[in-house]
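Let me begin by presenting the structure, written as structure tokens, before commenting on it.
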Amino acid sequence: MRPAPPAISIIDVNSCYVSIELLFKPWLRNRACIVLSNNDSACVARNSHAKALGIRMGQPWHEIAHLVRSGQVHAFSSCYELYQDMSNRIMAVLATQAPRIEVYSIDEAWLDLSGLPESEYAAWGRDVRDTVLRQVGIPVGVGIGPTKTLAKLANWAAKTWAPKTGWVVDLSDPCRQARLLKLAPVEEVWGIGPRLTRRLADMGVKTAWELAKMDARLLRRIFGVTVERTARELAGERCFEVGESPGPKQMIAATRSFGRKITRYEDIAAAIATHTVRAAAKLRAQGSLCQCLQVFARTSAFAKQGQSYSGQRIVALPCPTDDSRTLVSAALEGLAHLYREGPRYAKAGIVLSQFVAGDRYTPDLFAPPPRPKSHDLMRAMDAINAKMGRATVRLAREDAGHGWQMRRELLSPRYTTVWEDLAPAG
DNA sequence: TCTGGGGTCCTAGGACCC
DNA sequence: TCTGGGGTCCTAGGACCC
């Protein structure tokens with residue numbers, strides 16, 4: 001028997017955040033529901049009923065508020081703690097369904113179908129969907145194809161033509177590939193965003209099929225290697241493999257819009273201190289030390305001409321560190337340089353970069369000595385905060401200002417991660 | 001009035017070197 | 001008048017992703 005050609009599956013959670021919220025509120029399942037971004041400022045997830053009402057991804061709250069007030073739509077503030085916990089459960093189930101899994105985002109994973117006969121792909125997909133639904137209670141969609149890009153397109157088709165597809169599409173067959181590629185607008189292709197869509201349209205390329213048929217060398221010359229690979233993948237040639245778990249991050253950011261516009265230095269400084277502490281904890285969690293910190297504060301991207309300001313500062317750390325106190329000092333030093341009196345600041349944050357592995361770093365003879373007991377103190381802080389909740393132990397700087405905290409007025413209980421919020425048995 | 005946050009990869013162009 | 005060329009490294013910015 002001929003070995004089956006290799007196949008890849010992409011599995012994603014349908015309307016991820018809304019599906020999770022509704023798992024704990026089943027009585028709302030047939031109503032229009034949405035989840036809002038930080039500060040309750042825009043819609044980031046919608047179920048099919050909300051889509052049917054015409055609510056768009058990213059639509060600002062002030063355009064939707066009247067639908068919520070009149071009871072036509074139910075809205076929830078986002079609660080990433082809950083979503084991440086549910087995601088972990090789903091990924092754990094998926095990991096049992098294939099020899100190799102690459103977790104791609106909070107709501108998506110690639111699975112390597114090596115070893116499975118081609119004739120069983122579709123049945124496998126339906127079985128995975130049933131298993132996740134039964135064990136976690138969350139609906140997923142399944143796309144299968146010979147390359148990542150084709151699997152993604154299959155997943156798009158599964159959603160677009162549901163419920164007819166049963167949320168599963170297998171695109172292994174070349175005839176089905178051709179049919180779908182001709183139907184699919186080029187902007188639905190993974191890796192083709194709004195800019196490329198416009199530039200491709202200028203060249204007369206409107207469908208995935210037309211992109212797949214373009215000369216690869218020409219694409220490389222005009223658009224670069226990424227678009228060339230995308231086109232090759234659409235034509236069935238593998239350019240991206242299913243990876244193992246990704247390595248440590250190369251940058252860690254912590255940024256937030258403020259709950260309202262603020263102008264006082266102390267308030268921005270408190271926000272920056274809090275963000276830096278959050279990033280530092282992430283840095284330690286992956287065992288890295290960082291050598292560069294970038295801090296920024298700016299007015300709204302929609303501020304009028306003449307009233308907008310964006311300041312940023314890069315601070316080099318004299319020796320690699322993961323100490324929250326050192327990083328907060330560096331961040332505030334940078335903030336002092338970029339702060340101007342007057343602007344109504346809307347957002348601020350920090351980005352850590354230039355990492356070295358903590359266990360492989362040996363301080364050189366001339367480096368300033370690290371803070372005494374830094375390692376033990378930071379670990380103790382992380383341990384307490386992991387057990388008692390984030391920011392149980394914190395730096396005084398974090399409390400020195402106010403008015404910048406997020407708005408989350410429609411927050412659901414954190415059913416699975418906080419004892420007090422535990423869902424009642426029923 | 002009100003418009004998210006956190007990532008990755010690629011490329012062009014400048015600095016610098018021989 | 002005419003003013004090297006090629007390599008490497010780094011960074012800022014652009015584009016994409018979810």
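In what follows, every chain begins at residue 1, and chains take the letters A, B, ... in the order their sequences are listed.
At the phosphate of dT3(B), OP1 or OP2 sits under 4.0 Å from a side-chain N or O atom of Lys261(A). Close to dC17(C), at under 4.0 Å from its OP1 or OP2, lies no side-chain N or O of Lys152(A). A sub-4.0 Å separation between OP1 or OP2 of dC2(B) and a side-chain N or O of Arg260(A) is absent. At dG6(B), one or more side-chain N or O atoms of Thr255(A) fall inside 4.0 Å of OP1 or OP2 (strictly under the cut-off). The phosphate of dT3(B) (OP1 or OP2) has no side-chain N or O of Ser257(A) nearer than 4.0 angstrom.
Closest non-hydrogen pair, Ile64(A) versus Cys43(A), comes out as CD1-CB, 3.8 Å.
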ask   = In dot-bracket form, how is DNA chain B paired, counting a Watson-Crick or G-U wobble pair only if both its distances are under 3.5 Å and using | for bases paired to another strand?
value = ....||||||||||||||

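From Glu21(A), atom CD reaches atom CG of Leu82(A) across 6.0 Å, with rounding to the nearest 0.5 Å.
Ring geometry for Tyr17(A) against Tyr83(A) counts as parallel: the plane angle stays under 30°, on a 0 to 90° scale with 60° as the upper cut. Between Tyr345(A) and Tyr339(A), the two ring planes are parallel [angle under 30°; tilted spans 30° to 60°].
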Donor-acceptor contacts under 3.5 Å from residues 208-229 of chain A side chains, at least two apart:
residue: Glu210(A); atom: OE1; partner: Lys206(A); partner atom: N; Å: 2.6
residue: Glu210(A); atom: OE1; partner: Thr207(A); partner atom: N; Å: 3.1
residue: Asp215(A); atom: OD2; partner: Arg217(A); partner atom: N; Å: 3.4
residue: Asp215(A); atom: OD2; partner: Leu218(A); partner atom: N; Å: 2.9
residue: Arg220(A); atom: NH1; partner: Glu228(A); partner atom: OE1; Å: 2.7
residue: Glu228(A); atom: OE2; partner: Arg232(A); partner atom: NE; Å: 3.0
residue: Glu228(A); atom: OE2; partner: Arg232(A); partner atom: NH2; Å: 2.9

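When each of dC18(C), dG5(B), dT11(B) is scored by its nearest atom to the side-chain atoms of Asn38(A), the top-ranked nucleotide is dG5(B).
Summarising the geometry, the separation between CG on Asn39(A) and P on dG5(B) is reported as 7 Å, rounded to the nearest angstrom.
Judged by closest nucleotide on DNA chain B, Ser37(A) is the one of Lys282(A) and Ser37(A) placed further toward the 5' end.
Put simply, the side chain of Asn39(A) never gets that close to the backbone of Arg408(A): no donor and acceptor are under 3.5 Å apart.
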